[in-house]
Amino acid sequence: MLQISLIREQKEQVAQALKKKNFDAAEIIERILEVDQQRRITQKKLDDTLAESKIMAREIGTLMKSGQQEKANKLREETSRGKIVVKELQDKLAQLESEQESLLVLLPNMPHDTVPAGNTPDDNEVVTQEGEITELHQDAVPHWELATKYDIIDFEAGTKITGAGFPVYKGKGAKLQRALISFFLDEATQAGYTEYQPPLMVNEASAYGTGQLPDKDGQMYHVTLDNLYMIPTAEVPVTNLFRDVILQENQLPARSTAYSACFRREAGSYGKDVRGLNRLHQFDKVEIVQLTTPEASYQALEEMREYVTGLLRKLELPFRILNLCGGDISFASAKTYDMEVFSAAQNRWLEVSSISNFETFQSNRMKLRYKTKEGKTILAHTLNGSALALPRILAALLENNQTEQGIKIPKVLVPYTGFDNIS
RNA sequence: GGAGAGAUGGCCGAGUGGUCGAAGGCGCACGCCUGGAAAGUGUGUAUACCUCACAAGGGUAUCGAGGGUUCGAAUCCCUCUCUCUCCGCCA
């Protein structure tokens, strides 16, 4: 959610910036400013009225004590009339506040200057590409066939016990999953991230805090009986740890990491996009989150990108990094890098991480602030990224590393798996 | 799930209708004291919104949340949430 002060002071710049996201904000901004104006007038009126009746109430108290019953009663009548006005103003104020808020949440975050213009994924800027595009032997097959061949993932069993998009990992497949999780968490911890193990369900306030609600509630699994939401990413519980928190500047940057299962309903996809591990309703992911100052946040974004780059190198996967264009960047993000690995048998790039700087877009809604050295309380910047999402990493590992003798496990993982080959 | 107790500022803790944003203590910050430190001592120490120059100053709200009674509520009433204790159930 953008700050109202920003819209008040720089409405032209805001509208201009949002154009990059193909968002025509002019009308909404005008409405927001109108409501804001009304809100402030009403607030002032209410405050003045309350101040008045407060003074009178005190007077009544004094009069009663000194036994001037009649005078007190007279004043009392007067204040009772004021109460109706107060009630009206309070209702009006509440209504204006909620109206302002509901308009404010319609505006997406402003993209950073370095976000390329463009509307479609084709306009994303390829920042770097690294690693050899794997040449596969003739009988190479996509990962879903390898999964069956080596009996390491059972898609059908998952369908039987739950439904499509809930695979069952088995034997070395299961072990490899566990190895990846441990590897990612160890790396993150070494890089200074504090490990958390968060709840997999969150309440409404948390889902709202990171922006899944109100717009995207259809994308989450909702346990209606208890009104809890299955998390679509660990970002939700981890970032919400800091909801309504005021940190000290010396606690920044705060780096957090968490492994979690992630749950996504993701209705409306089909074909090659959802084949095998490409898109699932439940998957595993290690997430990294940073909270930092406005001055440091873009440096933090680069640092996180470097960090994830390091992981992909260690896993010996060919990858590329995209600087997402204005049209492809998410609603809440000011700048996003997507990390994609090349999955050789499918001959396509798979997104395995998305690293974003949200600036104050999340923290404003969450009231996540810090106290500067000068003693001023201001909103922190929040960033997060996957490090990494497992299924597509697994898909690429299986496909790229397949040989006639079996699937080769990257060296860094061997200490975790206890085997260097799946055959 | 049943019974009971409770929720006050960063923490502890007073406050049961009147000037209480809230005593006192601890913690923290700054100053004095000191050769330096401890002790001592002084001052300060919430958040949001409005006014305003995002200053100073001022106003309003906030004592778990929401509603109500009252001229006036941290204090009374109702609803909800959460915490603790005991019992039950249980990995």
Side-chain angles (χ1 to χ4, degrees), chain A residues 1-11 13-14 32-104 197 199-209 223 225-229 240-252 254 293-295 360 363-380:
Chain A
M1 191 164 76
L2 292 175
Q3 291 164 83
I4 181 65
S5 54
L6 187 74
I7 293 168
R8 266 204 300 252
E9 287 154 27
Q10 306 183 29
K11 62 170 181 172
Q13 289 94 318
V14 172
I32 288 172
L33 291 174
E34 247 168 67
V35 173
D36 185 49
Q37 181 77 13
Q38 285 307 307
R39 195 198 101 239
R40 289 152 77 191
I41 292 169
T42 308
Q43 174 93 59
K44 179 85 178 109
K45 259 193 225 165
L46 175 63
D47 285 358
D48 290 347
T49 315
L50 281 172
E52 228 173 278
S53 46
K54 235 171 124 171
I55 291 166
M56 285 202 262
R58 276 176 204 169
E59 244 171 85
I60 291 169
T62 322
L63 290 172
M64 306 258 290
K65 258 186 199 160
S66 59
Q68 294 173 274
Q69 210 49 262
E70 263 176 51
K71 271 191 179 177
N73 285 338
K74 218 174 151 192
L75 257 186
R76 215 183 263 188
E77 267 175 51
E78 219 175 298
T79 33
S80 336
R81 258 177 276 131
K83 277 177 79 177
I84 301 162
V85 181
V86 167
K87 184 79 182 108
E88 274 170 12
L89 288 170
Q90 276 173 339
D91 289 349
K92 191 175 172 193
L93 184 63
Q95 191 258 322
L96 287 167
E97 275 171 351
S98 84
E99 194 178 339
Q100 181 171 325
E101 167 119 350
S102 62
L103 285 170
L104 233 29
Q197 200 174 91
L200 301 180
M201 292 193 242
V202 294
N203 57 29
E204 229 174 319
S206 297
Y208 186 80
V223 181
L225 198 57
D226 299 288
N227 198 23
L228 295 172
Y229 294 86
N240 271 285
L241 287 171
F242 301 93
R243 172 156 48 90
D244 281 315
V245 165
I246 300 177
L247 297 160
Q248 295 299 319
E249 186 166 351
N250 62 20
Q251 293 176 272
L252 301 176
T293 62
E295 298 76 41
T360 58
S363 57
N364 185 36
R365 194 184 274 212
M366 266 200 290
K367 305 280 169 283
L368 161 49
R369 292 158 296 174
Y370 72 97
K371 201 165 250 189
T372 63
K373 291 184 191 99
E374 293 75 39
K376 237 177 125 182
T377 303
I378 63 169
L379 295 170

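Every chain is numbered from 1 and lettered A, B, ... according to where its sequence line falls, protein lines coming before strand lines.
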If a protein heavy atom is under 4.0 Å from the base, mark B; if only from the sugar-phosphate, S; if neither, -; do that for nucleotides 72-84 of chain B going 5' to 3'.
S------------

Encode nucleotides 49-58 of chain B as B, S and - characters from 5' to 3', where the letter depends on protein heavy atoms closer than 4.0 Å: B to the base, S only to sugar-phosphate, - to neither.
SSS-------

Taking atom [atom1] in both [N] and [M], what distance in whole Å separates the two?
| N | M | atom1 | result |
| --- | --- | --- | --- |
| B:C77 | B:U83 | P | 24 Å |
| B:G13 | B:C71 | C1' | 32 Å |
| B:G59 | B:G64 | C1' | 27 Å |
| B:C87 | B:G66 | P | 36 Å |
| B:G67 | B:U47 | P | 24 Å |
| B:C80 | B:C26 | C1' | 34 Å |
| B:G21 | B:U75 | C1' | 15 Å |
| B:A53 | B:G44 | C1' | 26 Å |

Provide, to the nearest angstrom, the distance between the [atom1] atom belonging to [X] and the [atom2] atom belonging to [N].
| X | N | atom1 | atom2 | answer |
| --- | --- | --- | --- | --- |
| A:N364 | B:A48 | CG | C1' | 12 Å |
| A:L379 | B:U47 | CG | P | 13 Å |
| A:L63 | B:U19 | CG | C1' | 13 Å |
| A:R58 | B:U60 | CZ | P | 7 Å |
| A:K367 | B:A46 | NZ | C1' | 16 Å |
| A:N250 | B:C28 | CG | P | 14 Å |
| A:L368 | B:U47 | CG | C1' | 15 Å |

Return each pair, listed once, that meets salt bridge (Lys or Arg N to Asp or Glu O under 4.0 Å) where at least one residue sits in residues 1-10 of chain A; pairs must be two or more places apart or across chains.
A:R8-A:D36

How far does [atom1] of [X] sit from [atom2] of [Y], to the nearest 0.5 angstrom?
| X | Y | atom1 | atom2 | result |
| --- | --- | --- | --- | --- |
| A:N364 | A:M1 | CG | CE | 4.5 Å |
| A:K71 | A:I60 | NZ | CD1 | 13.0 Å |
| A:L241 | A:L368 | CG | CG | 10.5 Å |
| A:Q3 | A:S363 | CD | OG | 7.0 Å |

Is [X] touching bases, backbone alone, or none of the nucleic acid, heavy atoms closer than 4.0 Å?
| X | result |
| --- | --- |
| A:I246 | sugar-phosphate |
| A:K373 | nothing |
| A:S5 | nothing |
| A:K87 | sugar-phosphate |
| A:I60 | base |

Go through the structure and list residues passing side-chain hydrogen bond (donor to acceptor under 3.5 Å, both in side chains) with A:E204, not counting sequence neighbours.
A:N227

Between B:G18 and A:K54, is there an OP1 or OP2 to side-chain N/O distance shorter than 4.0 Å?
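Answer no for this pair, as no side-chain N or O of A:K54 is under 4.0 Å from OP1 or OP2.
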
Counting heavy atoms from C-beta on, name the nucleotide in B:C71, B:U47, B:U19 closest to the side chain of A:R369.
B:U47

For [X], all residues meeting side chain to side chain contact (heavy atoms under 4.5 Å, CB included), sequence neighbours excluded:
| X | result |
| --- | --- |
| A:K83 | none |
| A:K11 | A:I29, A:E30, A:L33 |
| A:E249 | A:T293, A:Y370, A:T372, A:K373 |
| A:A205 | A:N203, A:R243 |

Pairing string, 5' to 3', for RNA chain B - Watson-Crick or wobble contacts under 3.5 Å, brackets [ ] where pairs cross, | to another strand
((((((((.[[[..)..(.....]]]((((((.......))))))((((((.....)))))).[[[[[..)....]]]]])))))))....

Please compare A:R76 and A:T377 by the position of their nearest nucleotide in RNA chain B and report the one closer to 5'.
A:T377

For A:K371 and A:E59, take the nucleotide of RNA chain B holding the closest heavy atom to each; which residue's nucleotide lies nearer the 5' end?
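Checking each residue's closest nucleotide, the 5'-ward one belongs to A:E59.
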
Kindly list each side-chain donor-acceptor pair under 3.5 angstrom involving residues 95-102 of chain A, sequence neighbours excluded, with atom names and distances?
| from | atom 1 | to | atom 2 | distance (Å) |
| --- | --- | --- | --- | --- |
| A:Q95 | NE2 | A:E99 | OE1 | 3.2 |
| A:S98 | OG | A:Q95 | O | 3.3 |
| A:Q100 | OE1 | A:R39 | NH1 | 3.2 |
| A:E101 | OE2 | A:Y208 | OH | 2.6 |
| A:S102 | OG | A:S98 | O | 3.1 |
| A:S102 | OG | A:E99 | O | 2.9 |

A:Y229: partners by ring pair (Phe, Tyr, Trp, His ring centres under 6.0 Å), with sequence neighbours left out:
A:H222

Which donor-acceptor pairs under 3.5 Å do side chains of residues 41-52 of chain A form with protein atoms, sequence neighbours excluded?
| from | atom 1 | to | atom 2 | distance (Å) |
| --- | --- | --- | --- | --- |
| A:T42 | OG1 | A:Q38 | O | 2.7 |
| A:Q43 | NE2 | A:D47 | OD1 | 3.4 |
| A:K44 | NZ | A:D48 | OD1 | 3.3 |
| A:T49 | OG1 | A:K45 | O | 2.6 |

